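In what follows, a structure is listed as structure tokens, so that the remarks can point back to it.
Atom set for the values below is all heavy atoms of this structure, side chains included, hydrogens, waters and symmetry mates excluded. Every value quoted in this text rests on a predicted model; they were computed, and no experiment measured them. Here is the naming used below: chain letters follow the sequence lines, and residue numbers restart at 1 for every chain.
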Amino acid sequence: MESPTILELIWSARWPILYGLGTTVLISALAIAGGTVIGVGLGLVLAYGNLAWRFAGRLYTDFVRGTPVFVLVLASYYILTTIGLDLSPFQAGVLALTVFCSSHVGEITRGALQTIPRGQTEAAKAIGLGFGQTFRYVLAPQALRLGLPAWINTAAEMVKASTLLSVIGVAELLLRTQEVISRAFHSLEFYLLAGALYFAINYAIERFGSYVERRVATD
Amino acid sequence: MGYTLNFSAVWRSFDDLLFGLGLSLLLAVLSIGIGCLIGLVLAFGQTARQPLLRAPAGLYVTVFRNTPLLVLVLISFFTLPQLGLRLSKTNSFVLALSLYSGAYLAEVFRGGLLGVPKGLREAGLAIGLTEGQIRRRIILPIMLRAVLPALGSTFIGLFKDTSLAAAIAVPELTFEARKINVESFRVVETWLVASALYVGTCSILAALLRRVEARLSLAG
Amino acid sequence: MSAPLLEIRDLHKSFGSVEVLKGVDCTVQAGEVISIIGSSGSGKTTMLRCVNMLEDFEGGSIRIDGEEIGYLTDGGRRRRKPEREIARQRALTGMAFQQFNLFPHMTALENVMLGLTLVKKMPADAARATAEGWLDRVGLLNRKDHRPSKLSGGQLQRVAIARAIAMSPRLMLFDEVTSALDPELVAEVLQVITDLARDGMTMLIVTHEMRFAFDVSNRVIFMNQGRIGEEGDPKTMFANPSTERLAEFLKNSRFS
């Protein structure tokens, strides 16, 4: 019997790999969306909150950013399943990534808001805008522009971090790839395929990012 | 939920955590050392005048920056032996993390190189220095000072990335924490302590780096 | 007349398709102080940079003490000399830049010593003594252990001049050395150059300071659109410009 070529092997493994890819995209999208919403709120707290709120926000941000994302994933998985919250590995993993993402977006938001020169707020006040209006029309658009490159970076980091969910048994792209390898061997080829797929996603994010940056920069 | 904190199991194994932390730091130091060499070569390649040098350096950076570290770790550990390169768990992890960090460090160094004013090279030329002397005595020292903050945060990032070594059972901090977790079921305590060790080490590193930066700053 | 110290013949230089030097001829005798004036884009800085091989040039030749700079011709083919040889030739001339270009990671003393130890291969002691001597000459010995970030613009430029002159060049090139300075710091730098001129140092000075050019130089070269428009002794030239271009230029400059 002739042994199948690598292309035939990949073709026969197309469904698990595609499912894995879909799961990876879903995990990343959920974590980025959730992390961005929480992170922007966090950034506002860090930039404009009163002392107590700022302290709490700083504690959360520094603790999460000082902890490896892999530890967050493991801790979320083990702790949440042990203390009786009935979360699936998928949910626990997405939660950990969301928390991780929020701390980064929080820092990005704070940094962007604080980079805007004080004169901008003063000029807005001088023409009679309130804080809400100042934020809506003056600060937010500038912060968006300033924070965009770092946010794109974070998004790509999240896609890479989603691989860590394979360790707690979430059947995303990397775990599916490992399952395929355990049946079909050819580990190098399948790992390279997985690597290429991750690369494709991140490269797309990077290109999209510089496209958006250019759009935002020229108007 | 009726969960009461009890740290005694964690304290009993605290030495294991500390040894794990030591190994984590060692992995990070080795990786950033090798990564710096890779990054320097790539950065000089990327800023070279010949496109023949620029293209491969740029390709390396793009590929390795956009590939998940865990994939590199698994390839390095599971696949290289099939190609005849048999490394220990630890070495294969250091290899993966070095290759990965090389791409990030290349970007750091490239930025640093572009930040060195062109006039300094010309001033060196004008007093009769060769290109090699200028690179060693002027551009490199200025660039290294300029990139020190970025180098520092890259190192802290790598230190956190060493947690991935647990995935191939290298007994560093995360691996030890997971072991205690599985043996004692004191999940909250275990991860709280492990996390605190990471956070604490990161802030100590950051503080140390600020002092080194202050000492080497060109403003002083 | 003795052999010229610097001899530029039919110098041509282009940046891409733009020809900035369109055949410049110029001869400088030892001890001459020559100011090069002209509007921006006239090619005066480029000419200076060619003498120091900071710019390659496509046509013509530059000789210092009869030695051809930068290029050699064998079998009718013009080739750039090896990098080491060019480095040696660059040390024949000293150059001071508009932006000073002091090495920010070294003290004033270390800046001056670097070329002495690396290029002249002086032992550290001798290099230190020479460097301190020159820092003293520019009035900055008491600042020798300061980093550039702790010096004023005028002080930076004086250290930069000391760094160049310490190499005992045959010829000093000054490229708009006061253009980046605050007005109140210009005088101290011009004073240093005037002192050097008095000592007999041969100098080419690209400058916008017309009063200084008038006072310090034996000869003035007016560059216009990549060529030498007019040259002569400053008194005659400034009083009676023989070309419309120079008259126009002088009228628009600060000379009074």
### Task
Select, from B:L70, B:T201, B:V188, the one with the greatest count of heavy-atom pairs under 4.5 Å involving chain A.
B:L70
### Residues of residues 151-165 of chain A near chain B, each having a heavy atom less than 4.5 Å away
A:N153, A:E157, A:K160, A:T163, A:L164
### Query
Is it the case that more than 12 heavy atoms not belonging to A:Y203 sit under 6.0 Å from its OH atom?
no
### Query
Between A:I181, A:I205, A:L188, which has the largest tally of heavy atom pairs under 4.5 Å with chain B?
A:L188
### Message
Shorter than 4.5 Å, heavy atoms on both sides: which option in B:T62, B:V71, B:L74 has the most such pairs with chain A?
### Response
B:L74
### Query
A:T81 versus chain B, heavy atoms under 4.5 Å apart: side chain, backbone, both or neither?
neither
### Query
Is it the backbone or the side chain of A:A194 that comes under 4.5 Å from a heavy atom of chain B, or both, or neither?
neither
### Summary
When the 4.5 angstrom heavy-atom criterion is applied to B:R178 and chain A, the contacting part is side chain
#### Entry: Exceeds 12 heavy-atom contacts within 6.0 angstrom, atom CG of B:L52
no
### Query
Rounded to the nearest 0.5 Å, how far does OH of A:Y191 lie from OG1 of B:T67?
14.5 Å
### Summary
Within residues 40-71 of chain A, the residues sitting under 4.5 Å from chain B by heavy atom, in sequence order, are A:D62, A:F63, A:R65, A:G66, A:T67, A:P68, A:F70, A:V71
### Task
Evaluate the side-chain proximity of B:P68 to A:L174: yes if any heavy-atom separation is below 4.5 Å, no if none is.
no
### Message
I'd like to verify something: which residue of B:F185, B:Y104, B:F78 has the highest number of heavy-atom pairs under 4.5 Å with chain A?
### Response
B:Y104
### Heavy atoms of other groups near A:R14 CZ, more than 12 under 6.0 Å
yes
### Per-residue contact mode, B:L72 against chain A (heavy atom under 4.5 angstrom)
neither
